[in-house]
Protein chains: 2
Amino acid sequence: MRADAQRNAEKLRAAAAELFRERGLQVPLKEIARRAGVSHGTLYNLFGTREALIDEVVTEHATSRLDEVAQQALACADPWDGFAHYVEKLCELQATDPAVADVVSGRYPGAERLMTACAQSMDAAQRIVGRAHEAGALRPDFTNADLVFAFAANALLARATADTAPTAWRRQVAYLLDGLRTEAARTSVPAGRLTRQQVQDALTSLGEKA
Amino acid sequence: MRADAQRNAEKLRAAAAELFRERGLQVPLKEIARRAGVSHGTLYNLFGTREALIDEVVTEHATSRLDEVAQQALACADPWDGFAHYVEKLCELQATDPAVADVVSGRYPGAERLMTACAQSMDAAQRIVGRAHEAGALRPDFTNADLVFAFAANALLARATADTAPTAWRRQVAYLLDGLRTEAARTSVPAGRLTRQQVQDALTSLGEKA
DNA sequence: ATGTAGCTTGACCGCGGGGTCAAGTTAAAT
DNA sequence: ATTTAACTTGACCCCGCGGTCAAGCTACAT
């Protein structure tokens, strides 16, 4: 590989990393090239497909974030606390980092490294759920699939309300956790008084993003 | 208005009603015209904007459905049962009828009749929530805004998983309701054992729809 | 039967996405 | 310095969306 190609690949990787984290994995490839200061043709030359670029740019970042949260969860002495921590932090990650959100609730069959990392992450989730089940703290009918869909719903909601009702997802997550717990307990819900107008605005922007 | 125009308007209304209910309110206008067997120019002539068409075609349908659910809820002797019924049935409505889903979690400022109907529907929700609050059955920190966002999340999830995990949303709603209830109670969750593969497929299609 | 206002049509525009490739440029080997 | 293979570029293609409008057609009153 020639030195200039190397440089361009690096510029593209940097731009892609930025845009993926800002706006998610479906950001237009031409826009990545634009931000990198390079023709979009070059992007296609060097990476071929979006998924190849994702695999190179997102994998480490995403897996390290996800692993970190899972580790913290498993480090909690109390299995329920571990589970709750996992859910909260992972949802927070999704709300903060659209790239991670897309990794958690999406599939990119072409991104091999990413997909194996995902599988590992799923296993970690399985362990966290299992531990909470065994301790009798998590309702027994809750499955791993439910967890995945909860994350999916959170990703969608968080993205849709990011700039209009940034705490909406937190409250939903708090309610959900209370519904999942075996022993009755009301977690306190993060503040978030909204005026009717704010709710209207949130719905408006929600419509624009759907 | 000339007779042929009348006929075309009727054909367009019918086609729009169908497509809105099948695929939601963002369905391409040209596709509506196509299904009506009429040029898209005609659609623009007769209705001008998407929102005008929505207002004519969706309003009655949506409000009658929403009213019905709200009436049933208020008819429940027990305020909690009323609230739970409202949430479940409204979510079911969203899952079954994309048009209603878009009405519930979207805004269409150009569709006047629809918007006033929406406002009324919000008032009904307010009453249902208030009743549950007064009875002490619904956690006091739960607001109307939370309800709106819960519906929004449900709409997104239900649509994304419609053809891969059609009961996913039901389970999420059941968990949520248990989290919202003051007195501890574990509602039974609708069946929905999914294989890993089914979950993967659901995530795939989710990515395609985002 | 004919005139005309009302209506319909489909080609056309702008936009923005994905993707390709011939022509031109440049790094680097000699 | 020259050559050549590697690389870059941007014009170009496709598609589908929303939206407009001159030209032509048709319902209807006379």
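Reminder, nothing fancy here: chain letters follow the sequence lines and each chain counts from 1.
- Comparing D:dG10, D:dA5, C:dC7 by their closest approach to the side chain of A:S39 singles out D:dG10.
- The existence of a salt bridge linking B:R171 and A:D141 is excluded, since no basic side-chain nitrogen approaches an acidic carboxylate oxygen closer than 4.0 Å.
- Here D:dA27 presents its C1' atom at 13 Å from CD of B:Q6, a figure rounded to the nearest Å.
- Whole-Å rounding puts the A:R7 CZ to C:dT26 C1' distance at 10 Å.
- Comment: B:D201 does not engage B:R196 in a salt bridge, judged by the lack of any side-chain N to carboxylate O separation of less than 4.0 angstrom.
- Of the candidates C:dG19, C:dG17, D:dT9, C:dG17 carries the atom nearest the A:R34 side chain, counting heavy atoms from C-beta on.
- Nearest nucleotide to the A:T42 side chain, out of D:dG19, D:dT9, C:dT20: D:dT9.
- Remark on DNA chain C: of its neighbouring residues A:P28 and A:G41, the 5'-side contact belongs to A:P28, judged by nearest-heavy-atom nucleotide.
- Rounded to an integer number of Å, the gap from CD of A:E10 to P of D:dT8 is 13 Å.
- Side-chain proximity of B:E31 to D:dC28, D:dC17, C:dG19: nearest is D:dC17.
- Results of the side-chain hydrogen bond (donor to acceptor under 3.5 Å, both in side chains) test with A:D102 over A:R23, A:Q26, A:R107, A:Q94 single out A:Q26 as the only residue that passes.
- Which of C:dT8, C:dG18, D:dT8 sits closest to the side chain of A:L29 comes down to C:dG18.
- Heavy atoms of A:N8 sit under 4.0 angstrom from primed sugar atoms or phosphate atoms, though from no base atom.
- Residue A:D4 is in sugar-phosphate contact alone, with no base atom involved, counting any heavy-atom pair closer than 4.0 Å across all strands shown.
- Counting non-hydrogen atoms of other residues, nucleotides and ligands closer than 6.0 Å to CD of B:E112 gives a total of 12 or fewer.
- For a distance-only test at 3.5 Å, the side chain of A:K30 fails to qualify as a donor-acceptor partner of the base of D:dG10.
- Of the listed nucleotides (C:dA11, C:dT26, D:dT9), C:dA11 has the atom at the smallest distance from the side chain of B:H40.
- Classification of the A:F83-A:W80 ring pair by plane angle, with boundaries at 30° and 60°, yields tilted.
- For B:R50, counting side-chain heavy atoms from C-beta on, the closest listed nucleotide (C:dG18, C:dA5, D:dG18) is D:dG18.
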